[in-house]
Amino acid sequence: MLLLQVSEGGTFALAAELTKRGLAHREPVLKRSQNGDTDEADALFSLLEWEESGHLLPHALLQRALREAGNQPLYITHPEGACKLMHRYWRLSRTERPLADYVFPFLEANPHEVHVLLELCSPNASVNGGPRYRAGLEESTVEMLATSLGPKLYEMARQLHGPEPVDHYPGDPHDSTPPTPEDRLRQFIYLYEQRNKPSISEEVIEE
Amino acid sequence: MFDPGSGPHRLTTKELTSHQHIAASTHFGRYFAYTVLAGDVSDQDFAAYTSMPYAEQLRVTKGLIGQLGMNTFLQKISLRSAGLDSEQAASLWQVVSTISPDLSLEASGGVFIQPNSEVTQASLLMLQLLGCLAKS
């Protein structure tokens, strides 16, 4: 099947870009077909293939990455694409195995790799077109991690950090230098705890 | 060359190049030279390249990239993609796959793929080539 060639397109970086572009190309094609508007230029694949591509493309790329990773975690072997593979393509590919079942055995064997995982999932930033770096964690990133991995990542982060309270966001999220691994860990703990705090309106209702 | 009905301001870069228009950056210099410029490859030679068998294509690819630069090399294939048959498209797909370790992710190095990187350009070209395969 032509679609599956996408995941074997040369280097992993090229295959990942090809998958991303293929998925981006898919959305307008499906939208136009829903409106009864078919364009010859869209006929890269049949409509059925386009519909299937939503999970087949991520699935094929994820399988390639897992095959290449062997006994190592994706966040070590494929750092440039690990976040998207684990938090987006894992879900899109309809993989039955929960992501947590894959990730936590690696993290339990090497708890300090929590720092690696948090850094790879941090947003990219650049100042005035300068070199890119991994900025501080944002609420949306913590939400993504909590949704994909559940509370266990927070528990591991807490074990690494210790019981001291984290009562403010360490550093400035708009700072032009990347946070230290320790600050990023504290950012995660702070934002996770804020996320789980009841809102003011909920507190009023409980009272 | 200067058809008033289709002035260069009305045409896309792709159309300018495919019409071999003087306003196309790939052809501008040629209108002022008696030969193909040093560092360029004639359209006939490039058309012959796209028709070569895979093994021969692969043999001359490095030389072409060295002569044209990666961006122009990928652009020249892309501009011809509409006229490729499935065999030519499959062969060029393999060529781009094979040279992919040489594709840069961004201009200034690093791990983030930039929007106009060679990897992005190659991936868009490969989608075009898949289109040629799908239509056959």
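Letters A, B, ... are given to chains in the order of the sequence lines, protein chains preceding strands, and every chain is numbered from 1. Computed from heavy atoms alone, side chains included, the values below leave out hydrogens, waters and symmetry copies.
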S.K.: Using a cut-off of 6.0 Å, state whether more than 12 heavy atoms not belonging to A:Glu68 lie near its atom CD.
M.R.: yes
S.K.: Does atom CD (A:Glu139) have a neighbourhood of more than 12 heavy atoms from anything else shown, all under 6.0 Å?
M.R.: no
S.K.: Determine the minimum heavy-atom distance between B:Ala122 and A:Leu14, stating which atoms define it.
M.R.: CB-CD1, 3.9 Å
S.K.: What heavy-atom pair brings B:Ser100 and A:Gly10 nearest, and what distance separates the two atoms?
M.R.: OG-CA, 3.3 Å
S.K.: To the nearest 0.5 Å, what is the distance between CG on B:Leu124 and CD on A:Glu17?
M.R.: 7.5 Å
